[in-house]
Amino acid sequence: MTTASLGLRSSGSYGSLQQQQFQNGGSPFQASPPVPPRKPPKMFKEKEGLFLWICKFAPRKKIGMMLLCVVSAAVFLWVLYVGKGEDTQELIMSMNSGVFPPDTGQIRHIDSIEKNDVGKIASIESPPPPPPPLAYFKGYTLPPGNPCEGFTLPPPPADKKRTGPRPCPVCYLPVEQAIALMPDAPSFSPGVSSLTYIHEENLSKSEFGGSEFGGYPSLMQRNDSYDVRESMSVHCGFVRGARPGHQTGFDIDDSNLLAMESCRGVVVASAIFGAFDLIRQPQNISEYAKGNVCFYMFVDEETENFLRNSSELDSSMRIGLWRIAVVHNLPYDDPRRNGKVPKLLLHRLFPNARYSLWVDAKLELVVDPYQILERFLWRKNASFAISRHYRRFDVFVEAEANKAASKFDNASIDFQVDFYRKEGLTPYTRAKLPISSDVPEGCVIIKEHIPISNLFTCLWFNEVDRFTPRDQISFAIVRDKIREKTNWTLNMFLDCERRNFVIQGYHRDVLERWPPPPPPGAIAVVHPPPPVIDETLPYVSASSFVTSPIKKIPTKRGRERKSRRHRKVIPG
């Protein structure tokens with residue numbers, strides 16, 4: 001048997017050992033079965049070739065250094081990759097088992113990275129949390145034992161010589177306590193949370209009434225403005241121009257506008273147009289209020305000239321506490337209607353202020369503003385306060401009184417009242433309680449600048465702009481229409497309480513007709529009033545009068561004389 005019959009290869013690298021065994025006389029059957037030769041793999045050949053290439057070029061200096069760097073980098077990357085995989089696998093196993101291996105800071109660092117990554121992924125996938133609910137001022141109660149807690153109004157003094165309106169006692173907190181109780185958050189605005197104002201350049205006249213300054217709102221727009229909802233846009237004066245007071249009518253210098261925008265707390269404001277009044281300085285004002293409250297007096301050019309001629313106003317544009325703001329390009333010919341702009345639209349002139357106190361120019365403020373705000377707004381948890389009329393409670397009675405006093409054109413007053421009557425306004429009765437009156441004494445307005453109170457004064461101004469400037473007539477219809485849609489209430493306090501913190505004066509024309517006061521120490525001479533002459537009677541000369549003796553009228557002497565004259569004598 002030959003090697004060919006055994007299937008053995010006679011040549012090759014793996015066949016030389018078997019051939020030597022056969023040649024030495026060994027039996028093939030006693031030897032282990034021959035291993036079939038294998039072809040060397042291609043990768044081994046490539047590695048062998050690469051090894052020979054490295055051995056060939058490694059002695060060269062530059063190539064050797066390069067090869068050493070490449071090998072070192074490869075080893076470093078391989079160790080880093082293997083170590084990271086093992087540590088991550090161990091970390092995952094330990095997190096699943098709840099037991100962390102006692103390792104050094106590397107696992108803690110990975111732990112923080114993993115946690116941060118999970119937090120980032122969660123923040124991306126989950127929506128952001130809702131914002132916290134807005135905080136609102138909800139009022140407060142005075143502590144037990146406070147003198148104002150159980151304060152009741154005493155009965156009016158019995159003075160038969162004085163029957164007109166008079167002030168009554170009001171319990172104010174000390175100024176320091178009132179300032180400390182100033183709310184940090186605004187009051188809740190029921191019904192409306194966002195209020196914007198209509199701006200128009202191209203205006204068209206409405207059905208009746210109105211002005212360019214007010215924007216000529218139509219009756220449809222008027223009715224829509226009383227449909228109170230969360231987001232509203234209404235007419236509120238200043239419909240033209242970039243911002244209120246700048247090319248809108250009722251224009252104010254930019255320096256004053258910037259200062260007015262910087263008022264972020266309390267504003268006390270008044271106005272004089274047509275040099276109708278004299279400036280009265282506030283009294284009993286705390287140092288804190290002098291430094292933090294904005295006192296503004298709005299005047300027209302005529303009043304400015306009068307103040308300069310009387311040497312009251314200089315280049316500082318200040319008179320006492322009042323900062324004088326001159327208004328140009330007045331929107332109305334009637335000074336009384338011009339005065340309604342700052343009276344009802346202070347929230348537009350002072351967009352960043354929180355509270356405002358309007359005082360007519362004929363009044364002198366004698367109580368600190370913070371005490372007034374605490375007493376009539378914060379303590380009552382109200383956002384609007386105004387005093388009721390001291391005598392009249394009914395709009396229809398007020399309208400007749402305005403006509404009798406020639407306050408405005410009678411036909412215009414009748415038209416306004418008839419319009420309100422058709423809209424459902426009824427005479428005031430006790431059935432309207434807790435509403436205490438339909439007629440305010442509008443010379444003082446205390447207000448918090450929130451959307452619902454701003455809406456009220458905007459709509460009140462729109463009525464003054466459309467109808468007569470007698471704001472006492474239009475007050476009730478605006479209040480009642482808003483109350484139909486919301487539960488908003490306002491504080492109508494007593495007129496005698498208003499007279500406690502303001503002193504009523506007289507207009508300038510009345511004061512100028514009075515004689516000057518006598519010097520100190522002089523004896524005042526009281527002259528009798530002049531006789532009243534009725535010119536409708538015919539003239540009678542003095543010679544035609546016939547004197548006649550004056551007949552003495554007998555006087556009764558009482559019961560004694562009567563009993564003496566009617567004494568009966570009974571005969572004996």
I'd like to check the side chain to side chain contact (heavy atoms under 4.5 Å, CB included) partners of Cys263; sequence neighbours left out, ordered by chain and number.
Val267, Cys294, Tyr296, Phe350
Using a cut-off of 6.0 Å, state whether more than 12 heavy atoms not belonging to Arg243 lie near its atom CZ.
yes
Only pairs at least two apart or in different chains count here, so list each ring-ring contact (aromatic ring centres under 6.0 Å, His included) that has a residue in residues 395-434.
Phe208-Phe415, Phe208-Phe419, Phe419-Phe467, Tyr420-Phe467
Which donor-acceptor pairs under 3.5 Å do the side chains of residues 440-450 make with protein atoms, sequence neighbours left out?
unit_1 : atom_1 : unit_2 : atom_2 : d
Lys447 : NZ     : His347 : ND1    : 2.9
Lys447 : NZ     : Asn454 : OD1    : 3.2
Lys447 : NZ     : Thr457 : OG1    : 2.9
Glu448 : OE1    : Ser187 : OG     : 2.7
Glu448 : OE2    : Ser187 : N      : 3.0
His449 : ND1    : Ala353 : O      : 3.3
His449 : NE2    : Ser356 : OG     : 2.9

Can you list, pair by pair, the side-chain donor-acceptor contacts under 3.5 Å of residues 172-182, counting residues two or more places apart and other chains?
unit_1 : atom_1 : unit_2 : atom_2 : d
Tyr172 : OH     : Asn500 : OD1    : 2.9

Salt bridge (Lys or Arg N to Asp or Glu O under 4.0 Å) pairs, two or more places apart, involving residues 453-478:
Arg222-Glu463, Lys343-Asp471
Atom pairs and distances, side-chain donor-acceptor, residues 230-238, under 3.5 Å, sequence neighbours left out:
unit_1 : atom_1 : unit_2 : atom_2 : d
Glu230 : OE1    : Ser193 : OG     : 2.8
Ser233 : OG     : Thr196 : OG1    : 3.4

Could you go through His328 and Asp253, starting from their C-alpha distance and side-chain angles, then the distance that decides it, and tell me whether this counts as side-chain contact (heavy atoms from CB on, under 4.5 Å)?
CA-CA 9 Å; His328 310 280; Asp253 297 338; 3.6 Å; yes
Polar side chain donor-acceptor pair, Glu398 to Asn402, under 3.5 angstrom:
yes
Any donor-acceptor N/O pair, Arg337 side chain to Val464 backbone, under 3.5 Å
yes
Tell me yes or no: between the side chains of Asp314 and Ser316, is some donor less than 3.5 Å from an acceptor?
yes
Got a sec, which residues hit side chain to side chain contact (heavy atoms under 4.5 Å, CB included) with Val397, two or more places apart in sequence or on another chain?
Arg392, Asp394
Would you indicate whether the side-chain heavy atoms of Leu349 and Phe250 approach each other to under 4.5 Å?
yes
Qualifying ring-ring contact (aromatic ring centres under 6.0 Å, His included) pairs with a residue from residues 480-505, counting only residues at least two apart or across chains
Phe376-Phe493, Phe376-Phe501, Phe456-Trp488
Using the test side chain to side chain contact (heavy atoms under 4.5 Å, CB included), find all partners of Lys485 that sit at least two apart in sequence or belong to another chain.
Asp227, Val228
Judged by modelled atom types alone, do Tyr332 and Ser211 share a side-chain donor-acceptor pair under 3.5 Å?
yes
Taking disulfide (SG to SG under 2.5 Å) as the cut-off, I'd like each qualifying pair that reaches into residues 312-384, sequence neighbours left out, listed once.
none
Applying disulfide (SG to SG under 2.5 Å) as the test, list every pair that has at least one member in residues 462-506; sequence neighbours left out.
Cys168-Cys496
Which residues share a side chain to side chain contact (heavy atoms under 4.5 Å, CB included) with Thr426, sequence neighbours left out
Lys432
Report the relative orientation of the aromatic rings in Trp378 and Tyr355; use parallel for angles under 30°, tilted for 30 to 60°, perpendicular for over 60°.
perpendicular
Within a 6.0 Å radius of atom NZ on Lys403, are there more than 12 heavy atoms belonging to other residues, nucleotides or ligands?
yes
Contact between Phe298 and Ile252 at the side-chain level, heavy atoms closer than 4.5 Å - yes or no?
yes
Does atom CZ of Arg323 have more than 12 heavy-atom neighbours from other groups under 6.0 Å away?
yes
Any Leu357 side-chain heavy atom under 4.5 Å of Val266 side chain
no
